[in-house]
Amino acid sequence: MTTESLKTIQNAIAKGGMDWQAATTSVSQLSTDEQKVLLGLRIEKAELEATEKAIKAASALSALQADPGFPLAIDWRNNGGNWTTPIKNQGGCGSCVAHGTLATIEARASIVCQNPNLDLDLSESHLFYCGCGNCCGNGWNFAPALDFCKNTGVAKEADFPYVDSNQPCKPGVTPMFKIDGWTQVLALADRKNLLAARGPMVAGMAVYQDFFSYSGGVYQHVSGSLAGYHAISVVGYHETGKYWICKNSWGTGWGELGPDGQRGWFRIAYGDSGLDTQFAFYDVQLNKCPIPVVDPCIKHRLYLSSVLRAAQTNRALRACLLFHVCRVGRLPLCSRAIMAVVSRVQAVLKICPQFRVAFCRALQAI
């Protein structure tokens, strides 16, 4: 982008009294054709018009409710922990639907598993190249992407790493889990209720030329023509500020600095860029934690078993364990090596107290 073009946007922001900043970004420096590739949400005009009518009807119905119920603000990047995953970069491929969908599913899994440190990393390549095919230049839509996640499932990033060019579907990739379902959410009050109660949702928006230069604040379109349509993940909202909080997939050289210390996020005013008026939000259902919970006591059980085997032939070890761990017998003479074993057993039983009774019974039976 030329300095003159950036100044045009900045002047338009100032003239309109808007609260956002425009700057040279990694995306604004791309050519027009390269920018268009980033906008991989493929949607027909008829679908936009139908969705717009459905949103108006649903919002009118929800407005009859006396109490909308949702809290004044929610931000899943800072809600008793950061439940979102790091910003990714779709690169020169129109894979935004896959990125927005998996960003949402990754966050939802962390929330359902009640673990903000789950650090789940799902494969956009598996979803995009197996679910859509050679679609880097064509883009995709929400329903088939979400259906793929429900019917086929999603794999780990490590099993099919992302590259930003068309790839054949990698054979032998095993899905990590499937989502239980998804629903289209139209009314604005319903969107906020679900965001607050369940977590981030997938959404679409129109992208205008000035959005490529966004670097912070609450975005509102002020300059430039329509460039295309884009899929993102909505991670929160703010009623007082009248904006949505969203996660993008254009890397960390674009966007607003988030609480995680990364750029790549953005805030957008209610009613802007068709986010509220032309596009539904998509709620992803995960009815239980899809990630197997590994019991940390399994490895400790194996250690305790090995200690019991050693105590069968080592009378001094048995006596020291009985006295210091099980409080049985008189104080024996315990070597430094034996006390190291005793200390480790005590530490294990502090972590896994459910093993104490069984361990002491087995020790006494030797």
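The structure presented is a predicted model; accordingly, all values stated were derived computationally and were not measured. Positions are given from 1 along the sequence.
For L333, the CG atom counts as loosely surrounded, since its 6.0 Å shell holds 12 or fewer non-hydrogen atoms of other residues, nucleotides or ligands. The environment of CD1 in I366 is crowded: more than 12 heavy-atom neighbours from other residues, nucleotides or ligands sit within 6.0 Å. Heavy atoms of other residues, nucleotides or ligands lying less than 6.0 angstrom from NZ of K170 number more than 12.
A 4.5 Å side-chain heavy-atom check between P86 and Q262 finds at least one atom pair inside the cut-off. Between C149 and P175, every side-chain heavy-atom pair lies at or beyond the 4.5 Å cut-off. Proximity of P116 to N82: side-chain heavy atoms (C-beta onward) are nowhere separated by under 4.5 Å. For the pair F281/Q184, no side-chain contact is recorded, criterion being any heavy-atom separation below 4.5 Å from C-beta on. In this structure the side chain of W244 never reaches within 4.5 angstrom of the side chain of R267, judged on heavy atoms. Within the 4.5 Å cutoff, the side chain of I111 has no heavy atoms near those of the L286 side chain. You'll find the side chain of H238 stays beyond 4.5 Å of the side chain of I74, heavy atoms only. Between V348 and V345 there is no side-chain heavy-atom pair separated by less than 4.5 Å.
A donor-acceptor pair shorter than 3.5 Å can be found between the side chains of T104 and S233. In this model, no donor atom of one side chain and acceptor atom of the other lie less than 3.5 Å apart for E157 and Y162. Residues Y270 and E239 have side chains that bring a donor and an acceptor to within less than 3.5 angstrom of each other. Between the side chains of E34 and S31, at least one donor N or O lies within less than 3.5 Å of an accepting N or O. A side-chain N or O of W182 and one of D147 form a donor-acceptor pair less than 3.5 Å apart. Judged purely by distance below 3.5 Å, without hydrogens or angles, the side chains of Q209 and S225 never pair a donor atom with an acceptor atom. N89 and H99 share no side-chain donor-acceptor pair at under 3.5 Å. Between Q167 and S165, the side chains place a donor N or O and an acceptor N or O closer than 3.5 Å (distance only, hydrogens not considered). Side-chain atoms of D283 and Q285 form a donor-acceptor pair, as typed in the model, at a separation below 3.5 Å.
No option in L194, I55, L195 other than L194 meets the side-chain contact (heavy atoms from CB on, under 4.5 Å) test with V185. With F279 as reference, L41 is the one residue of V202, L41, L186, I232 to meet the side-chain contact (heavy atoms from CB on, under 4.5 Å) rule. Checked options D276, N193, T277; the residue passing with L188 is D276 (criterion: side-chain contact (heavy atoms from CB on, under 4.5 Å)).
With N115 contributing its side chain and S110 its backbone, the two residues share no donor-acceptor pair below 3.5 Å. Of the possible donor and acceptor atoms, one in the side chain of Q35 sits under 3.5 Å from a partner among the backbone N and O of V27. Between the side chain of D210 and the main chain of V222, a donor-acceptor pair closer than 3.5 Å is present. Side-chain atoms of H221 do not come within 3.5 Å of backbone N or O of S273 as any donor-acceptor pair. The closest donor-acceptor contact from the side chain of S125 to the backbone of P161 lies under 3.5 Å. Under the 3.5 Å distance criterion, the side-chain polar atoms of N166 are matched with a main-chain donor or acceptor of C136. A donor-acceptor pair is defined here as one N or O able to donate and one able to accept, closer than 3.5 Å; such a pair exists between the side chain of S26 and the backbone of G253. When atom types are taken as modelled, the side chain of R315 and the backbone of Q312 share no donor-acceptor pair closer than 3.5 angstrom. No donor-acceptor pair under 3.5 Å is formed between the side chain of K242 and the backbone N or O of A269. Looking only at distances, no side-chain donor or acceptor of D272 sits under 3.5 Å from a matching main-chain atom of I268.
The minimum heavy-atom distance between Q90 and S95, with the atom names listed, is CB-OG, 3.5 Å. Shortest non-hydrogen contact noted between G251 and I87 is O-CG2, 3.6 Å.
Salt bridge E106/K88: present, at least one basic N to carboxylate O contact under 4.0 Å.
Between F211 and F266, the ring planes lie perpendicular to each other; the angle is over 60°, past the 30° to 60° tilted range. Between F160 and Y129, the two ring planes are tilted [angle within 30° to 60°]. Ring geometry for W254 versus Y214: interplanar angle of 30 to 60°, hence tilted.
Remark: R344 qualifies as a cation-pi partner of Y303 under the 6.0 Å distance and 45° angle criteria applied to the six-membered ring.
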Derivation of the side-chain contact (heavy atoms from CB on, under 4.5 Å) call for W76 and I245
CA-CA 9 Å; W76 286 100; I245 306 166; over 6 Å; no
Trace of the side-chain contact (heavy atoms from CB on, under 4.5 Å) decision for R191 with M201
CA-CA 8 Å; R191 301 182 194 198; M201 290 196 282; 4.1 Å; yes
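In terms of hydrophobic clustering, with Ile, Leu, Val, Met, Phe, Trp and Tyr side chains grouped at heavy-atom distances under 4.5 Å, W265 and Y237 are assigned to different clusters.
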